[in-house]
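Down below is the structure, laid out as structure tokens.
Throughout, protein chains are lettered first and strands after them, A, B, ... in sequence-line order, and every chain is numbered starting at 1. Computed from a prediction, not measured in an experiment: that's the story for all the values here.
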Amino acid sequence: MADATPDMKDIVALAKRRGFVFPASEIYGGINGFWDFGPLGTALKNRVRDAWWRDMVTCPPIGPDGAPLSIVGLDSAIIQNPKVWEASGHVGGFSDPMRKCPGCGHFVRADHLQSILATDSEWVQELYEILMWKTGFNEVSHDHLRHWAATKGRKSAPNLAIVRNIDSVLSHIPEGRYPEDEWAPGHFKFFQLLATEQPNAPSVTGLQDPCPRCGAPLGGPVETSLMFASHTGVEQNDASKVYLRPETAQGIFINFKNVLDSTRVRVPFGIAQVGKAFRNEVTPRNFIFRGREFEQMEMEWFCHPDDAALWREFWLAERRRWWEALGIRPENLQMREHEKDELSHYAKEGLGTQDVEYRFPFTAPGFGELEGVAHRCAFDLTQHQEHSGTKMEYRDPVTNETYMPHVIEPAAGLTRGVLAVLCDAYTPDPSRPSGVYLNFAPHMAPVTAAVLPLTAKPAHVEPATKLYMALRPRFAAELDVKQNIGKRYARQDEIGTPYCFTVDNDTLSDQTVTVRHRNTMAQERVALDKVPAFLAEKVG
RNA sequence: GCGGGUGUAGCUCAAUGGUAGAGCUCCAGCCUUCCAAGCUGGCGGUGCGGGUUCGAUCCCCGUCACCCGCUCCA
């Protein structure tokens, strides 16, 4: 929508009502993080997927030098040898140690605790203000601390040790000036002191870390993992443990040599794959935007390290262009460079990552990720070479140079792509009976054409059936006979069918039908035998 | 994982500690020459599990799902 942002509730309701997306396992109460695609949702997803495959593998873009790129397809197993995920860094790194607060139940990432305390804690901010104002961070005053703990601190940090037991905590906080000391106010250790009642008690091992929200001493790190685990074979033990892939990319890297040896590709070239991936997200949210099972469209572009910058720029532009070609409004798309500290483990050393983002209704006015274009360097091939002992280096047949190729990875979310296309098409229109229509680009619409006899009389149904049979082999066509014409138009509006062909009495005399255009509701007449050509022109 | 909210038919909503209703949709039939029209008929429901009660959709507890806000998002 260029104007008002549509309501996500309405989109979810329409998606279910018309068979795009259903809650998974709905009759059993559903299951958090999973969704089922209905008939039209499947059709739409296939449209997006097929467009990607066509534009990546069947007919890849023309490269900077004017020659078509070389990209081949792959479909690897969802379950791989577990060593794949150790080598890729997912088993070790795809988990964040979390710490739980026994006081308020707050869950905080262990490695972010200091920065969260420094910037996102209400009670720390209060202390900052008091200490800044009173002493400029240079001095600890028991009077100030005592006053805060007895008043404001009771509300903002009720479980902080100094609030619960002022005298005991003050007794081990030295008073005075020590600007360079690590205990100085503003340093992490100072807040640890405030959170620790008896630092030397035998039952307590050193200083406590306070909860940013309530001040209670945080519990130890809890191991979490975003990896779905399963077992191969009927015996379930550590040796049989396997993982469902959290990304399709590794299937490509571990087949790098196979593809090289079995096809005639030469660097630079790409390997593309579409498939399911699984992540145990902490909080699945926002409809199908973040599910625990989702689908990816990933292409790994292997190139000479010296050319990585060139190809990165190429793919950044190309991928944004591609999303626009799906019919998504350009103003709802943006590119965003990742900050240094949000770069993935495999992209730390490279030229950075940029996302293609879409303005989803639930992120508006902000944007949410559709696709990431990452410079993975030689990280993955190097890791697999080390872990597997298989040489992954590439020997250029012309120059005889041997090197580890770098990888530019455009990794797109198919599931998110479907959501973006759906949201972008959703167009409320109070002036029409359905109140809404889906403004899909004609080539993306699940149903391209509906053939509608004006009445259910044989005189109308017979020519309509004939037309439908002519369209069926080439186009996603529907024949709908039942109900009055208005209801049928309304239904086609709601599922986003761009063209309806209606057979009426005039058809019988002059062999023409009306074409009803979805967006304008305008009608024009077209000869029966010209309908296939009409559609072919519209959907390419 | 935390806090708040919601949960009655496919959808929108009503009602009551005592047989759960309407409109629209959908299906069948009639009628109908272009935008959910009209007539007749039909399908279909209290998220799930406990508890209190003679009796629970309503009250209580738990659970599940969704929404909002946190948190998280290699």
Original post:
Taking the six-membered ring for Trp, is the centroid-to-centroid distance between A:Phe362 and A:Phe287 below 6.0 Å?
Top reply: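 Centroid separation for A:Phe362 and A:Phe287: 6.0 Å or greater.
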
Original post:
Are the aromatic rings of A:Tyr358 and A:Phe360 close, with centres under 6.0 Å apart?
Top reply: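 Under 6.0 Å, so yes.
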
Nearest whole Å is fine: how far is [N] [atom2] from [X] [atom1]?
{"X": "A:Phe22", "N": "B:C11", "atom1": "CZ", "atom2": "C1'", "value": "14 Å"}
{"X": "A:Lys16", "N": "B:G47", "atom1": "NZ", "atom2": "C1'", "value": "11 Å"}
{"X": "A:Lys457", "N": "B:C31", "atom1": "NZ", "atom2": "P", "value": "9 Å"}
{"X": "A:Glu494", "N": "B:G10", "atom1": "CD", "atom2": "P", "value": "17 Å"}
{"X": "A:Tyr437", "N": "B:A36", "atom1": "OH", "atom2": "C1'", "value": "18 Å"}
{"X": "A:Asp480", "N": "B:A36", "atom1": "CG", "atom2": "P", "value": "15 Å"}
{"X": "A:Arg488", "N": "B:U25", "atom1": "CZ", "atom2": "P", "value": "14 Å"}
{"X": "A:Lys487", "N": "B:U32", "atom1": "NZ", "atom2": "C1'", "value": "12 Å"}

Subject >> Salt bridge present between A:Lys241 and A:Glu86 (N-O < 4.0 angstrom) >> reply: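 The answer is no: the pair does not qualify as a salt bridge.
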
Original post:
Quick one: on RNA chain B, does A:Asn484 or A:Thr455 contact a more 5' nucleotide (nearest heavy atom)?
Top reply: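 Residue closer to the 5' terminus by nearest nucleotide: A:Thr455.
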
Rounding to an integer number of angstrom, what distance separates [N] and [M] when you compare their [atom1] atoms?
{"N": "B:C67", "M": "B:U12", "atom1": "P", "answer": "14 Å"}
{"N": "B:C66", "M": "B:U53", "atom1": "P", "answer": "35 Å"}
{"N": "B:G17", "M": "B:A37", "atom1": "C1'", "answer": "43 Å"}
{"N": "B:U8", "M": "B:A56", "atom1": "C1'", "answer": "14 Å"}
{"N": "B:G44", "M": "B:U52", "atom1": "P", "answer": "33 Å"}
{"N": "B:U57", "M": "B:G47", "atom1": "P", "answer": "9 Å"}
{"N": "B:U16", "M": "B:C24", "atom1": "C1'", "answer": "24 Å"}
{"N": "B:C48", "M": "B:U6", "atom1": "C1'", "answer": "16 Å"}

Any strand counts, and the cut-off is 3.5 Å on both contacts for Watson-Crick or G-U wobble. Which nucleotide pairs with [N]?
{"N": "B:C30", "value": "B:G38"}
{"N": "B:C59", "value": "B:G51"}
{"N": "B:G69", "value": "B:C2"}
{"N": "B:C11", "value": "B:G23"}

Original post:
Any chance the side chains of A:Thr512 and A:Asp510 put a donor and an acceptor closer than 3.5 Å?
Top reply: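 Yes, side-chain donor-acceptor contact under 3.5 Å.
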
Subject >> Side-chain H-bond candidate by donor/acceptor type, A:Thr497 with A:Glu478, under 3.5 Å >> reply: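 Judged by distance alone, the side chains do not pair up.
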
Looking for any heavy atom pair under 4.0 Å, which part of the strands does [X] touch: base, sugar-phosphate only, or nothing?
{"X": "A:Arg18", "value": "base"}
{"X": "A:Arg516", "value": "base"}
{"X": "A:Gln492", "value": "nothing"}
{"X": "A:Glu369", "value": "nothing"}
{"X": "A:Thr514", "value": "base"}
{"X": "A:Ala456", "value": "base"}

Subject >> A:Gln483 side-chain N/O to B:C27 phosphate OP1/OP2 under 4.0 Å >> reply: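 Yes, A:Gln483 has a side-chain N/O under 4.0 Å of OP1/OP2 on B:C27.
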
Original post:
Is there a side-chain polar atom (N or O) of A:Lys482 under 4.0 Å from OP1 or OP2 of B:C27?
Top reply: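 No, because none of the side-chain N or O atoms of A:Lys482 sits under 4.0 Å from OP1 or OP2 of B:C27.
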
Subject >> Aromatic plane relationship, A:His375 with A:His406 - under 30° parallel, 30 to 60° tilted, over 60° perpendicular >> reply: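 It falls in the tilted class, 30° to 60°.
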
Original post:
Angle class for the A:Phe302/A:Phe256 ring planes (parallel below 30°, perpendicular above 60°, tilted otherwise)?
Top reply: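 A:Phe302 vs A:Phe256 ring planes: tilted.
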
Anything under 3.5 Å between a protein N or O and an N or O of nucleotides 63-68 of chain B, put it in a table, one pair a line.
{"unit_1": "B:C64", "atom_1": "O2'", "unit_2": "A:Gly29", "atom_2": "O", "d": "3.0"}
{"unit_1": "B:A65", "atom_1": "OP1", "unit_2": "A:Asn32", "atom_2": "N", "d": "3.1"}
{"unit_1": "B:A65", "atom_1": "O4'", "unit_2": "A:Gly29", "atom_2": "O", "d": "3.0"}
{"unit_1": "B:C66", "atom_1": "OP2", "unit_2": "A:Asn32", "atom_2": "OD1", "d": "3.0"}
{"unit_1": "B:C67", "atom_1": "OP1", "unit_2": "A:Phe287", "atom_2": "N", "d": "3.3"}
{"unit_1": "B:C68", "atom_1": "N4", "unit_2": "A:Arg285", "atom_2": "NH2", "d": "3.1"}

**OP:** Check the surroundings of atom NZ in A:Lys276: do more than 12 heavy atoms from other residues, nucleotides or ligands lie under 6.0 Å from it?
**Re:**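 Yes - once you tally the heavy atoms of other residues, nucleotides and ligands closer than 6.0 Å, there are more than 12.
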
Original post:
What are the two closest heavy atoms between A:Glu281 and A:Gly291, and how far apart are they?
Top reply: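 Heavy atoms only, the tightest pair is CG-O, 3.9 Å.
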
